[in-house]
Amino acid sequence: MTTDETIRAIREQVASLHAELVRYGLVVWTGGNVSGRVPGEELFVIKPSGVSYDELAPDNMILCDLDGRVVPGTPGSERAPSSDTAAHAYVYRNMPEVGGVVHTHSTYATAWAARGEAIPCVLTAMADEFGGEIPVGPFAIIGDDSIGRGIVATLSGHRSRAVLMQNHGVFTIGKDARDAVKAAVMAEDVARTVHISRQLGEPLPIAADKIDALFDRYQNVYGQKQADK
Ligand SMILES: [Zn+2]
């Protein structure tokens, strides 16, 4: 594939993945965003700022360099990129293994973020997907690198692909944009279930060695069947 073809493919993927945020009820109005790294290039594709989900299309996705600057003269470049672009760019610069980033204010996960409380690993699905708790990142204000720094500091060396940024919302990372979207969907799902469980009483913990075994199996054995992921 030429670079142009690769960029085109990432534009199409990132545009269509935004529909998954709507499908799973993770976003309202124009909130939330997905980005995808362009493999082999110092570039990523992200949602434009303030555009309705119904209007998102490959040609209004925005191509940025890894400093979050819009690449001039490319489709969509007349618009401003997502207000979270600096955070996405910081993650791509500092976590070379990351190929996709997602941000939402999905209700249950953000309710945990508002409490500044990590979601404990009390479901086998959490052990599978996140390998333990979903951690809390620092309170950070939009507009500079501070959100990106908080994401990278919290998730580096952590199994979880999701972080609850305190008083704000969820950021997820993945090997590509689809993987990061899956993490955002699963983070909201487990945030909801663990919340409901706590209304019933105290959820039972899962032993650390069992969490390790579940995570290892899901990520390695089960993970080879890509169609199931
Ligand atoms: Zn936000």
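Atoms within a ligand are numbered from 1 in the order they appear, just like the ligands themselves.
Note that the CD atom of E55 and the CG atom of N60 stand 8.0 Å from one another [nearest 0.5 Å].
Qualifying salt bridge (charged side-chain N to carboxylate O under 4.0 Å, His left out) partners for D216, counting only residues two or more places apart in sequence or in other chains: none.
Judged purely by distance below 3.5 Å, without hydrogens or angles, the side chains of T6 and E41 never pair a donor atom with an acceptor atom. With 3.5 Å as the limit, one finds a donor-acceptor pair spanning the side chains of H88 and S35.
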message: Working note: V38 + L63, criterion side chain to side chain contact (heavy atoms under 4.5 Å, CB included); need CA distance, chi angles, decisive distance, verdict.
response: CA-CA 9 Å; V38 180; L63 186 66; 4.1 Å; yes
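Within the 4.5 Å cutoff, the side chain of N33 has no heavy atoms near those of the V102 side chain.
Protein N/O/S atoms closer than 2.8 Å to the Zn ion (ligand 1): H103 NE2, H105 NE2, H168 NE2.
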